[in-house]
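Position 1 is the first residue of the sequence, and the numbers go up from there.
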Amino acid sequence: MGDTTATLDITREVCPMTYVRTKLRLESLEPGALLEVLLRGAEPLKNVPRSAREEGHEVVSLDARDDGTHRLVLRKQGR
């Protein structure tokens, strides 16, 4: 997806830092911006999208990649 505003690689992070880093990056973006998040592991795969939704952000896509990581695209909430 070439229309993402920013990319965040949290593949080396562990919970709870995975969402802390994601949240901080989202806060730096304009409403409606797309953030690509690269993540690894079952816990971040479950927690990061859930936490983003709970804060009102949209999960645009979540796809597995060949290297064992996942690519999550979030749209920042509009407020």
Side-chain angles (χ1 to χ4, degrees):
M1 182 177 285
D3 55 352
T4 55
T5 304
T7 299
L8 176 64
D9 184 346
I10 57 170
T11 56
R12 295 178 187 218
E13 300 288 339
V14 294
C15 286
M17 288 308 296
T18 52
Y19 191 66
V20 169
R21 294 221 25 234
T22 302
K23 181 176 179 168
L24 290 172
R25 189 66 181 107
L26 281 165
E27 288 175 356
S28 73
L29 300 175
E30 294 294 320
L34 294 176
L35 175 63
E36 173 186 53
V37 183
L38 305 177
L39 47 92
R40 177 186 309 276
E43 200 169 354
L45 182 61
K46 180 178 87 173
N47 293 337
V48 173
R50 185 194 72 228
S51 296
R53 279 190 197 101
E54 287 173 356
E55 292 197 1
H57 305 293
E58 176 188 353
V59 174
V60 176
S61 64
L62 178 58
D63 302 301
R65 299 180 354 152
D66 292 339
D67 64 358
T69 64
H70 285 79
R71 179 180 181 268
L72 169 66
V73 177
L74 299 172
R75 184 180 313 277
K76 183 177 177 175
Q77 66 182 343
R79 56 181 157 120

Just checking, any donor-acceptor pair under 3.5 angstrom between side chains of E55 and Y19?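 On atom types as modelled, these side chains qualify, holding a pair under 3.5 Å.
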
Around atom CZ of R12, are there more than 12 heavy atoms of other residues, nucleotides or ligands at under 6.0 Å? no

A quick test of your reading: do over 12 heavy atoms of other residues, nucleotides or ligands sit less than 6.0 Å from CD of E27?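 Yes, because the 6.0 Å sphere around CD of E27 holds more than 12 heavy atoms from other groups.
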
Applying the 4.5 Å side-chain criterion to the ILVMFWY set and letting contacts propagate, would V73 and V48 be lumped into a single cluster? no

V14, I10: one ILVMFWY side-chain cluster at the under-4.5 Å cut-off?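 No, V14 and I10 fall in different hydrophobic clusters.
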
Whether the side chain of H70 engages the backbone of D63 through a donor-acceptor N/O pair (distance < 3.5 Å, no angle test) should be reported.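 It does not hold such a pair.
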
Heavy-atom closest contact ([X] atom, [Y] atom, distance):
| X | Y | value |
| --- | --- | --- |
| T69 | D67 | OG1-OD1, 2.5 Å |
| A33 | T5 | CB-OG1, 3.5 Å |
| C15 | P44 | SG-N, 3.9 Å |
| R25 | A6 | NH2-CB, 3.1 Å |
| D9 | R21 | O-NH1, 3.8 Å |

Distance (rounded to the nearest 0.5 Å) between [X] [atom1] and [Y] [atom2]:
| X | Y | atom1 | atom2 | answer |
| --- | --- | --- | --- | --- |
| L38 | L8 | CG | CG | 8.0 Å |
| T18 | L39 | OG1 | CG | 8.0 Å |
| S28 | L35 | OG | CG | 8.0 Å |
| E58 | R53 | CD | CZ | 9.5 Å |
| H57 | K23 | NE2 | NZ | 8.0 Å |

Check step by step if salt bridge (Lys or Arg N to Asp or Glu O under 4.0 Å) holds for E36 and R71. CA-CA 7 Å; E36 173 186 53; R71 179 180 181 268; 2.5 Å; yes

Restricting to pairs with a member in residues 37-47, which pass side-chain hydrogen bond (donor to acceptor under 3.5 Å, both in side chains), not counting sequence neighbours?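 Qualifying pairs: N47-R50.
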
Knowing that exactly one of L29, L26, V60 qualifies, which makes a side-chain contact (heavy atoms from CB on, under 4.5 Å) with L74?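 Of L29, L26, V60, side-chain contact (heavy atoms from CB on, under 4.5 Å) with L74 is met by L26 alone.
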
